[in-house]
Amino acid sequence: MSVTVFNPRINDAAGAKTTATAPAVIALTESSSAQSPVDKVAPKKVFVTTQGCQMNVYDSGKMLDVLGDSHGMEVTHNIDEADVLLMNTCSIREKAQEKVFSELGRWRKLKEKRPDLVIGVGGCVASQEGDNIQKRAPYVDMVFGPQTLHRLPELYDQSNEQRDIAPKNRIGTIDVSFPSIEKFDFLPEPRVEGYKAFVSIMEGCSKYCSFCVVPYTRGEELSRPLDDVLAEIDSLAAQGIREINLLGQNVNGYRGEKDDGSICRFAELLHYVSHVDGVERIRYTTSHPLEFTDDIIDAYAQLPELVSHLHLPVQSGSNAILAAMKRNHTIDVYINQINKLKAIRPDIHLSSDFIIGFPGETDQDFQDTLNLAKELNFDHSYSFIYSKRPGTPAAELPDDVSFTTKKARLAEFQKVIIDSTLAKTHEMVGTTTRVLVEQIANRHPDCLIGTADNTRTVMFPYDENKMNELLGKIVSVRITDFVSPHMVKGELIEVLA
Ligand code: SAH
Ligand code: F3S
C-alpha cells in the first residue's frame, strides 16, 4: 500500500512528540482559524457518520472538535446543508466494510450536484485501505486513520488548495500513519453535553486474536500518559460530567507513564480517577480476560464509584476454540475471575461478546458456548457470526462449518441471550438501584430518566418544579415496574451524590 503523506516530519512515528511537529501544526491551525474573513461570512458545516465501536464514537466527536477549533466549522445533522462529509468507518466484520462503499455511492450523487462538497473517510477501513479508497471512490477528498484524525485541518486545507486537481493526484490529503500517541497532544479541550463522557486511555491493541483486524487497523497498544488522562477527566468533571467511561480496546492492559517515569497500571488508574472531584461513576470498555488481574477485582471492594457492571468478552465457551482464537486463556480462568468478582460484588452485572461459527467450531464447541451463557446468565451480550478478515491468521484456517449451520447456531444462541436479558430486567422489580439522572422524560414530562449500573434506563416521577435540581445527581430508586427489556420504572428513595 503506498500512502501519500503531506508532511514527512509529522508522519515521523518516532518523533511524534518532538518539538518539530508542534509548530507545523500550530502554524496551520492559526492560518486557518475561525478568525479568517471567509469563516466570518458563513461558517462551514460538517456532517459525520459513525460506524462501529465506542472508540469510533469518541473519535467522531474529536473530529468535530478539531474542525470546530481550527476552522470554526459547525456541526450539522442534516447532510443536505453540509459542506464537509466525514465517514468514520469500521472494518471489524465484512458487512461493516461493505457498508462504507455503498454509503459512499450515495455521497457521490450528492457531490455530483454540489461539486464543492468535501468528502473525508476515516477510521479502520481507511486505515486498512489507504489510497485504495480513492481507487474505488475517486471523488473522496481526504483519507485519514484513527490515529491521524487530529490532522484533519491540514488535510482539509490541502484538499481545498488543490481543488482543481483530481483527488487521487493531490498531495497531502491521505494520512493513515500510526504516529505514536501524538493525536491526544493536538486535540482541543473536550466539550461536553450531559453528564456522561468517554475518555480514551489507550490506542490500538497488541493481543492479535487470530480473527481480529484491530491490531492492523489501529496499531499496537499505546497508553496515554497518566497526567494527560487525568487532565482530560478534570476538565470534564469541571464541566459537570459525573460518569466517566474509560475507553480502549483492552483498557486493563493500560500502562500509562507517570510523571516520574514509572508505569501506572489499570487498577491504579481506577483509584486516581475515583479521586477526581465530581466523578461519581466509572465504567470502562473493553477489557480482556488475560489481564483482568486481582488488583482490578480488588478495586471493586475499594471504589464505590466503579459501577456494578462488567463487560468482559469471552468470545467462546470452548477451550479448543479459545486456543484457535489465540485468546490465551481457558474458560476456567474466566469463570474463576467472575466468581472472585461476585464474591466482592454479589450484585455485579455481566455482559460479553461472542463469535459464533469460528472455523472448526463443532456442535460440542457450540454447546459449550451455549452452556457458558446459560451458566453465567449475562445481563446482555453481543454475538456475531465469524467474519473472515483478510490478513488475519484465522483467515487461513479451513472453515468446514456451513453458513446455514452458523446462522442456526447464532439464532439459538441469541435466544438464550435475549431470554436472560429479559429475566434480568424483570428481576430488578422490587430491588433498589443506583441511577444517574440525565433528563426529563420526553413523553412523560412528570418523570425523570436516568441509567442504572446495568445500563437499563430507569424512569421515575418527580416534582415538576424541582426537576432541574436532580439532573446530574446519583440517586437511589426502588424499581416498581418492568417497562421493556431495557427499561424499568420506579420511585425515588434518596439522593446519594
Ligand atoms: N478489544 C475488544 C474487542 C474489540 S472488537 C475485546 O477484546 O473484546 C469487538 C468485538 O467484535 C469482539 O469482541 C468480537 O466479538 C467481535 N469481532 C471481532 N472480529 C470479528 C470477526 N472477524 N468476526 C466476527 N466478530 C468479530
Ligand atoms: Fe481484537 Fe482481540 Fe484486540 S478481539 S481488539 S485483537 S483483544
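Note that ligands are numbered from 1 as they come in the structure, with each ligand's atoms numbered from 1 the same way.
A ring-centre distance under 6.0 Å is found for Y208 and Y216. The six-membered or imidazole ring of F354 lies near that of F378, with a centre-to-centre distance under 6.0 Å.
Remark: among candidates T392, V251, D353, the nearest residue to atom 10 (C) of ligand 1 is D353, based on non-hydrogen atoms. Residue nearest to atom 8 (O) of ligand 1, selected from C209, P313, S316: P313 (by heavy-atom distance).
Of all heavy-atom pairs between Y386 and G357, the closest is CB-O, 3.5 Å. The two residues A452 and M428 make their nearest non-hydrogen contact at CB-CE, 4.3 Å. Closest approach of L303 to R345, counting heavy atoms only: O-NH2, 3.0 Å.
At a 4.0 Å cut-off, at least one heavy atom of I385 sits close enough to ligand 1 to count as contact. Heavy atoms of K95 stay at 4.0 angstrom or farther from ligand 1. Contact between I355 and ligand 1 is present, with at least one heavy atom of the residue lying under 4.0 Å from the ligand. Heavy-atom separations between R218 and ligand 2 are all 4.0 Å or longer.
We find that E232 and K62 are joined by a salt bridge, their nearest charged nitrogen and carboxylate oxygen being less than 4.0 Å apart.
Looking only at heavy atoms of the protein, atom 5 (S) of ligand 1 is closest to I92 CD1, 3.4 Å. For atom 16 (C) of ligand 1, the nearest non-hydrogen atom of the protein is R93 NH1, 3.5 Å. Protein heavy atom at the shortest distance from atom 2 (C) of ligand 1 is Q249 O, 3.5 Å.
Considering both main-chain and side-chain atoms, Y386 never comes within under 3.5 Å of ligand 1 through any nitrogen or oxygen pair. Close N/O approach between S387 and ligand 1 is found [any backbone or side-chain N/O within under 3.5 Å]. At least one N or O atom of F211, backbone or side chain, sits closer than 3.5 Å to an N or O atom of ligand 1. Taking only nitrogen or oxygen atoms, main chain and side chain alike, Q315 reaches within less than 3.5 Å of ligand 1.
Residue contact check: V214 has heavy atoms under 4.0 Å from atoms 5 (S) of ligand 2. Against a heavy-atom cut-off of under 4.0 Å, H288 is close to the following atoms of ligand 2: 7 (S).
Between the side chains of S91 and R389, not a single donor N or O lies within less than 3.5 Å of an accepting N or O.
Here the side chains of H380 and K424 are not in contact, with every heavy-atom distance at 4.5 Å or above. A 4.5 Å side-chain heavy-atom check between E361 and R409 finds at least one atom pair inside the cut-off.
Of the candidates T455, D453, D379, H349 forms a side chain to side chain donor-acceptor pair (under 3.5 Å) with just one, namely D379.
At least one donor-acceptor pair closer than 3.5 Å links the side chain of D175 to the backbone N or O of S177.
For C205, the nearest N, O or S atom to atom 3 (Fe) of ligand 2 falls under 2.8 Å. Here C212 fails the criterion, with no N, O or S atom under 2.8 Å of atom 2 (Fe) of ligand 2.
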